[in-house]
Amino acid sequence: MYEGAIQDLIDELGRLPGVGPKSAQRIAFHVLSADPTDIKRLAAALSRVKEQVRFCVLCFNVAEEEQCRICRDPRRREDALCVVEEPKDVVAIERTNEFRGRYHVLGGAINPLEGIGPDHLRIRELMARLSSGQVTELILATDPNTEGEATATYLALLVKPMGITVTRLASGLPVGGDLEYADEITLGRAFEGRRTL
Ligand SMILES: [Zn+2]
């Protein structure tokens, strides 16, 4: 539609999740008319995120050091571990202020249709963490959709023989939805009302 750099930018923006062609065009023209210092700051933030952000060696949350902020915090409980699909779910649960334990980020959910099996997730690393014997409750906070439920069921079968209490967030979360879109109160209540599997 356009030529050169502006079309390149529209194409790149259009590849981002949740950005349709109209939004891509709007953002591109905003960039064109915006203050150069603002755009330099945006460009710097984009490159910095790829250079500096990595995954925590323990829980696979996003981190700027070897371990993430939560794993480095000595006040967090060692006996409760909450399993989530993505780092954004850690943020969602932290916002509820219901949980003072630690996390394990799987990096997705079991999805046979897309060829994602247990081996593609950080389940081996989870089992290694659980084998230390410090964790007494494992909270399965995968998304309340088909893939999230399948993952929770799979993990419950794997972990229960270890004598660890396995819990799942209570209902009340929108079925078929993403954890990150639940409001703090709903998610907080679901956390409080978690049930043993
Ligand atoms: Zn961590």
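Each ligand, and each atom within it, is numbered from 1 in the order the structure gives. Quick caveat, the model's predicted, so the values are computed rather than measured.
Residue pairs satisfying the side chain to side chain donor-acceptor pair (under 3.5 Å) criterion with at least one member in residues 7-30, sequence neighbours excluded, are listed as follows: Y2-Q25, Q7-D11, E12-R15. Residue pairs satisfying the ring pair (Phe, Tyr, Trp, His ring centres under 6.0 Å) criterion with at least one member in residues 54-103, sequence neighbours excluded, are listed as follows: F60-H104, F99-Y103, F99-F191. Every pair passing side chain to side chain donor-acceptor pair (under 3.5 Å) that includes a residue from residues 147-156 is listed here, sequence neighbours excluded: E149-R168.
Interatomic distance, CD of E137 versus SG of C82, reported as 9.0 Å (0.5 Å rounding).
Side-chain contact between L155 and L157 is absent, with no heavy-atom pair separated by less than 4.5 Å.
Each protein N, O or S atom less than 2.8 Å from the Zn ion (ligand 1) was counted, giving 4.
Other residues, nucleotides and ligands place no more than 12 heavy atoms under 6.0 Å from the CZ atom of R69.
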